[in-house]
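Working notes for the structure below.
Whatever order the structure lists them in is the order used to number ligands and atoms, beginning at 1. What you see is a predicted model; the values in this text were computed from it and never measured. Side chains are part of it too, since the values below use all heavy atoms of this structure and drop only hydrogens, waters and symmetry mates.
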Amino acid sequence: MMPNFSYLRVNSLEQAVEGLTSPETRVLAGGTDLLGCLRDRIFPADKLVSITRLDKLRGIEETADGGLRIGALTTLTELIDSPKLKERFPGLAQAAGEAASPQLRNQGTIGGNICQKPRCWYYRGEFHCLRKGGTLCYAFGGENQFHAIFGTDNKCCIVHPSDPSPALVAFEATVRVVGPKGTRLVPMEKFHVLPAENVEKETVLEQGEIVTEIVLPKPAAGTRSSYRKVRARRSWDFALAGVALAVAFKGDKVERARVVLSGAAPVPWRVKEVEEIVTGKKLDASTIAKAAAATVKNAQPLEHNAYKIPLFKAVMEEQLTAMAKG
Ligand SMILES: Cc1cc2nc3c(=O)[nH]c(=O)nc-3n(C[C@H](O)[C@H](O)[C@H](O)COP(=O)(O)OP(=O)(O)OC[C@H]3O[C@@H](n4cnc5c(N)ncnc54)[C@H](O)[C@@H]3O)c2cc1C
Ligand code: SF4
C-alpha cells in the first residue's frame, strides 16, 4: 500500500528547487520507478514534487556545436523515435530501446532513468542492508547471480540498472543539474557514485538538485556506436551483461574509443584497458581477442556470478567484430 505523502506539482524550476526541502521530499517524473519504491516501502517520502509541467525540460534539440541537448523529461520512446539520435548516436537509441517494456518507455523519462534505484532483490525486499543505512550487505554471502563483478569495494555489489547510462558515458555526455546553489555541469562518467565513495547514494545529486538536461557533444568524424544487452528473458529484463561502444575510425584504424559495460558494476563501468588496446589499431581478430580478454582482466566475481566473465568476453568480441565490419 502507498504511504501518505503530500504532492506538489510545480510550474517552474525555482518552485521545484524550493519545494525539495528535506531528504524525504522527492522529485517525481514519470513515476515508473519512484512509485514502486514507495509502494514497496523501500525508502520513505513525505512529499513528492512533480516536475511534469516543466515543458522546457522536454524534447531533443541541436546544440550550436552540432551535438544534441536532451531534456530530462524526454521519454525513452521519444529517444528511440528521434531521427537525429538514430542518425548520430545510434548506440544511445539502441540502449533506450533495450530498456524496460514499451509501456514503461512511453512513461519513463531519461532523467528518471539515470536516477533510478538499484534492483538488488535484498534492497527491493525487506532487508535493511548497508545501502538502506543498515550494517550488512546480504548479497555478498547470499544470492548474488545478478550482481557486480567490478567496483564493489567489498561494500555493496549492486549493478547500475540503466541501459542508456553506459551509452551516455560512451558518448561523453554532460548532465546539467539545477539546485539551491545554482547550476552545475557533471560529466556523465562522474554522475554515478561507487560504494567506496558513498554506499547510500547512487548519484552525485545533493538535496534539492534536479537533472534538467543531458548534453551530447558532436561525435568525432567516423564514429560508429552500438549497445548490446544480454538478459535472462526475452521480454523486459535488466542487463546480465551489456556493452556500449563509441568508436571513431580514421581509415581502417581506431582513432578513439569509449567502451562502457552495463550489468557489471555499481556504476556504468568504463574499461580503459580495452580502449587502449584498440586505439591506433585495425580491429582485426588478434586485436579483438586481446580486447575481449582485457574486458574481464580485473573482474572479481562473487560465488554465483562467475558466468558473467565468459559472457562479457563473448559480447565484447561480438560487438567489436560487428563494428569492424562497419
Ligand atoms: C518493470 C521494470 C523494468 C525495467 N527495466 C529496465 C531496463 O531493462 N533498463 C533500464 O534502463 N531501465 C529499466 N527500468 C527502469 C525504467 O526505465 C525507469 O523506471 C524509468 O526510466 C524512470 O523514469 P521515470 O520518469 O518514471 O522516473 P521516476 O520513477 O519518476 O523517478 C525515478 C527516480 O529518479 C528521480 N528523478 C526523476 N527525474 C529526476 C530529475 N529530473 N532530476 C533528479 N531526480 C529525478 C526520482 O526522484 C526517483 O528517485 C525498468 C522499470 C521497471 C518498473
Ligand atoms: S548489494 Fe547493496 S543493495 Fe544489495 S544487499 Fe548488498 S548493500 Fe544492499
Nearest protein heavy-atom contact for [atom]: which residue, which atom, what distance?
atom                    : result
atom 26 (O) of ligand 1 : Thr32 OG1, 2.6 Å
atom 3 (C) of ligand 1  : Trp236 CE3, 3.3 Å
atom 7 (C) of ligand 1  : Ala100 N, 3.1 Å
atom 28 (P) of ligand 1 : Gly31 N, 3.4 Å
atom 35 (C) of ligand 1 : Cys115 CB, 3.8 Å
atom 46 (C) of ligand 1 : Val27 O, 3.0 Å
atom 41 (N) of ligand 1 : Val211 O, 3.0 Å
atom 50 (C) of ligand 1 : Phe238 CZ, 3.4 Å

Can you sort out which atoms of ligand 1 are near [X], meaning under 4.0 Å from one of its heavy atoms?
X      : value
Ile51  : 41 (N)
Arg119 : 51 (C), 52 (C), 53 (C)
Leu205 : 43 (C)
Pro164 : 11 (O)
Asp237 : 8 (O)
Asp33  : 19 (O), 29 (O), 32 (C)

Using 30° and 60° as the class limits, which term best fits the ring planes of His147 and Trp121: parallel, tilted or perpendicular?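 Tilted: the ring planes of His147 and Trp121 meet at 30° to 60°.
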
Quiz item: What orientation do Tyr122 and Phe127 show, parallel under 30°, tilted 30 to 60°, or perpendicular over 60°?
Solution: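 Rings of Tyr122 and Phe127: perpendicular, over 60°.
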
Residue pairs fulfilling salt bridge (Lys or Arg N to Asp or Glu O under 4.0 Å) with at least one residue in residues 133-144, sequence neighbours excluded |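 Salt bridge (Lys or Arg N to Asp or Glu O under 4.0 Å) check on residues 133-144 returns no pairs.
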
Distance filter under 2.8 Å, centred on atom 8 (Fe) of ligand 2 - protein N, O or S atoms that pass it =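 Hits for atom 8 (Fe) of ligand 2 below 2.8 Å: Cys129 SG.
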
Closest to atom 9 (N) of ligand 1 (judged by heavy-atom distance), picking from Thr75, Leu34, Asp163:
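The residue whose heavy atom sits nearest atom 9 (N) of ligand 1 is Asp163.
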
Using a 4.0 Å heavy-atom threshold (strictly under), name the region of [X] that reaches ligand 1: side chain, backbone, both or neither.
X      : answer
Cys37  : neither
Leu76  : side chain
Glu213 : neither
Thr212 : neither

May I ask whether [X] places a heavy atom under 4.0 Å from ligand 1?
X      : answer
Val177 : no
Arg105 : no
Gln103 : no
Ile110 : no
Gly36  : no

Enumerate the atoms of ligand 2 whose separation from the nearest heavy atom of Cys157 is less than 4.0 angstrom.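 Answer for ligand 2: 1 (S).
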
Quiz item: Do Met188 and Ile114 touch side chain to side chain, with heavy atoms closer than 4.5 Å?
Solution: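 Sidechains of Ile114 and Met188: in contact.
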
For this session: Report the distance from atom CG of Asn144 to atom CG of Leu302, rounding to the nearest 0.5 Å.
Result: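 So the gap between those two atoms works out to 4.5 Å.
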
>> Using 0.5 Å steps for rounding, measure from the NZ atom of Lys253 to the NZ atom of Lys281.
In response: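 Going from the NZ atom of Lys253 to the NZ atom of Lys281 covers 10.0 Å.
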
| Taking distance alone, with no angle check, do Gln116 and ligand 1 share an N/O pair under 3.5 Å? |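 Right, the criterion is met.
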
(Q) Tell me whether Lys117 forms a cation-pi arrangement with Tyr123, defined as NZ or CZ under 6.0 Å from the six-membered ring centre and within 45 degrees of its axis. (A)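 Relative to the ring axis of Tyr123, which defines the angle, Lys117 lies outside at least one limit.
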
